[in-house]
Engineer: 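Here it is, the structure, as structure tokens.
In what follows, every chain begins at residue 1, and chains take the letters A, B, ... in the order their sequences are listed.
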Protein chains: 2
Amino acid sequence: MNTPKRRNTIQKKLVLDAVQSLKNHPTAEEVYRYILMTYKNISKGTVYRNLNMLVAEDVIKKVMVVDGADRFDHTITNHNHVKCENCGKVYDISSEAGDLEEKITSQDTEFLRKSGFTVSGYKIIFTGICPNCIKKCQ
Amino acid sequence: MNTPKRRNTIQKKLVLDAVQSLKNHPTAEEVYRYILMTYKNISKGTVYRNLNMLVAEDVIKKVMVVDGADRFDHTITNHNHVKCENCGKVYDISSEAGDLEEKITSQDTEFLRKSGFTVSGYKIIFTGICPNCIKKCQ
DNA sequence: GTGCGTGCAAACCGTTTGCAATCGG
DNA sequence: CCGATTGCAAACGGTTTGCACGCAC
């Protein structure tokens, strides 16, 4: 088996705590700045390393964003995202995701399998304007 | 109106030709190297500038990829993509995209609108292993 | 004590940009 | 001839990495 021995360092805990506290899909930079407020000595490299570790361990998820820095999600359950084109914030679509899921996986992946692909998953992101920005822009 | 005066330069034509010849969603780097074969004096900056221009003019499209360099698509009609996790190539899903389209837009965007979002679009990409790589890996 | 994880800084990759020179209209 | 577009190189943002040290086990 390949279970690399992992250590429980303070830094790793701080990174996980940060992602869980900053609920809105923070970037590595945001995680870094958040930790800095309480632990002045952390390095950005360590933040990146731990974020990647936590993703590899399936503790957090990397959210696909169209452009800009990667974002991280403390929720591991399947759901999709909307990115506001105005403020850049990324929101969850907690809703009827399940229904959508089935339709996507049953339909398009079936076509792919017929073409000889092995399908392992998909990523989807919506774009639009969030309620907050709509108010402001009126 | 803001219709910036565009010029028809050799470089712009070369970039468009390259994207249309390299059908498999080339990266800017690949476009650059392709042009270099016949026109030794082009600069990478110019390739990027022209790719972005052509995207802005709706002549080509930028394909969303999970990670790695941006890719460009000579096909402007709506369709989705699969990225092979083994070789990294991006393939078209020409198929029943239309059907899927409706289901996605009707269902998830409706939920978003109820939540107060204005939805402008979405991007989806599938991941898997392509037929070629399946053969090789056996 | 062993070696994984750290801090630091340099390197990396893909992309954009400032500038003077060029060339399309 | 005007100014949009070029080539070049430097700078950019986000991320990874090499190294010596330090800390978890």
Engineer: Considering just the side-chain nitrogens and oxygens of A:T46, establish if one lies under 4.0 Å of OP1 or OP2 belonging to C:dG7.
Structural biologist: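 So the side-chain polar atoms of A:T46 do come within 4.0 Å of the phosphate oxygens OP1 or OP2 of C:dG7, strictly under.
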
Engineer: Distance check needed: C:dT6 C1' versus A:K12 NZ, whole Å only.
Structural biologist: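 Computing the A:K12:NZ to C:dT6:C1' distance gives 14 Å.
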
Engineer: So, is A:N8 close to the C:dG5 phosphate, meaning a side-chain N or O under 4.0 Å from OP1 or OP2?
Structural biologist: no

Engineer: Can you confirm if the aromatic rings of B:F117 and A:Y91 lie within a centre distance of less than 6.0 Å?
Structural biologist: yes

Engineer: Quick one: the side chain of A:R7 and the base of C:dG3, do they pair up donor-acceptor inside 3.5 Å?
Structural biologist: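 A donor-acceptor contact between them is present.
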
Engineer: Tell me if a side-chain donor or acceptor on B:T127 pairs with a main-chain N or O of A:S120 at a distance below 3.5 Å.
Structural biologist: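 Such a contact is absent between B:T127 side chain and A:S120 backbone.
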
Engineer: Taking atom types as they are modelled, is there a donor-acceptor pair under 3.5 Å from the base of C:dG5 to the side chain of A:R49?
Structural biologist: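 In this structure, the two groups form no donor-acceptor pair.
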
Engineer: Over how many whole Å does the gap from A:R6 atom CZ to C:dT6 atom P extend?
Structural biologist: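 For the pair A:R6 CZ and C:dT6 P, the rounded distance is 11 Å.
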
Engineer: Once you round to the nearest 0.5 Å, how far does CG of B:N24 lie from NE2 of B:H74?
Structural biologist: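 If we round to the nearest 0.5 Å, B:N24:CG and B:H74:NE2 are 8.0 Å apart.
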
Engineer: Considering just the side-chain nitrogens and oxygens of B:N52, establish if one lies under 4.0 Å of OP1 or OP2 belonging to C:dT15.
Structural biologist: no

Engineer: Over how many whole Å does the gap from A:K62 atom NZ to D:dT16 atom C1' extend?
Structural biologist: 11 Å

Engineer: Look at the rings of A:H25 and A:H81 and say which category their plane angle falls in: under 30° parallel, 30 to 60° tilted, over 60° perpendicular.
Structural biologist: perpendicular

Engineer: Nearest-Å distance, NZ (B:K40) to C1' (D:dG7)?
Structural biologist: 13 Å

Engineer: For B:D70 and for B:I10, find the nucleotide of DNA chain C with the closest heavy atom, then tell me which residue's nucleotide is more 5'.
Structural biologist: B:D70

Engineer: Starting at the 5' end of DNA chain D and moving along, which residue's nearest nucleotide shows up first, B:S43 or A:G45?
Structural biologist: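 The 5'-side residue here is B:S43.
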
Engineer: Nearest whole angstrom, please: distance from the C1' of D:dA9 to the CG of B:N41.
Structural biologist: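 Whole-Å distance recorded here is 15 Å.
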
Engineer: Round to a whole Å and report the spacing from NZ of B:K13 to C1' of C:dG24.
Structural biologist: 16 Å

Engineer: Check whether any side-chain nitrogen or oxygen of A:T9 sits under 4.0 Å from OP1 or OP2 of C:dT6, and answer yes or no.
Structural biologist: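 Answer is yes, contact under 4.0 Å.
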
Engineer: When you measure from the side chain of B:M53, which nucleotide among C:dG7, D:dT5, D:dG7 comes out closest?
Structural biologist: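 So the side chain of B:M53 is nearest to D:dT5.
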
Engineer: From CG of B:D67 over to P of D:dT15, roughly how many Å is that when rounded to an integer?
Structural biologist: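 Taking CG of B:D67 and P of D:dT15, I get 11 Å after rounding.
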
Engineer: B:Q20 side chain to B:D17 main-chain N or O, any donor-acceptor pair under 3.5 Å?
Structural biologist: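 No; judged by distance alone, with no hydrogens or angles, the pair does not exist.
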
Engineer: Please determine if a side-chain N or O atom of A:Q11 lies less than 4.0 Å away from the OP1 or OP2 oxygen of D:dC23.
Structural biologist: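 No.
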
Engineer: OP1 or OP2 of C:dT16 less than 4.0 angstrom from a side-chain nitrogen or oxygen of B:Y48, does that happen here?
Structural biologist: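 Looking at the OP1 and OP2 atoms of C:dT16, neither is under 4.0 Å from any side-chain N or O of B:Y48.
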
Engineer: Between P on D:dT15 and NZ on A:K44, what's the gap in Å once rounded to a whole number?
Structural biologist: 10 Å

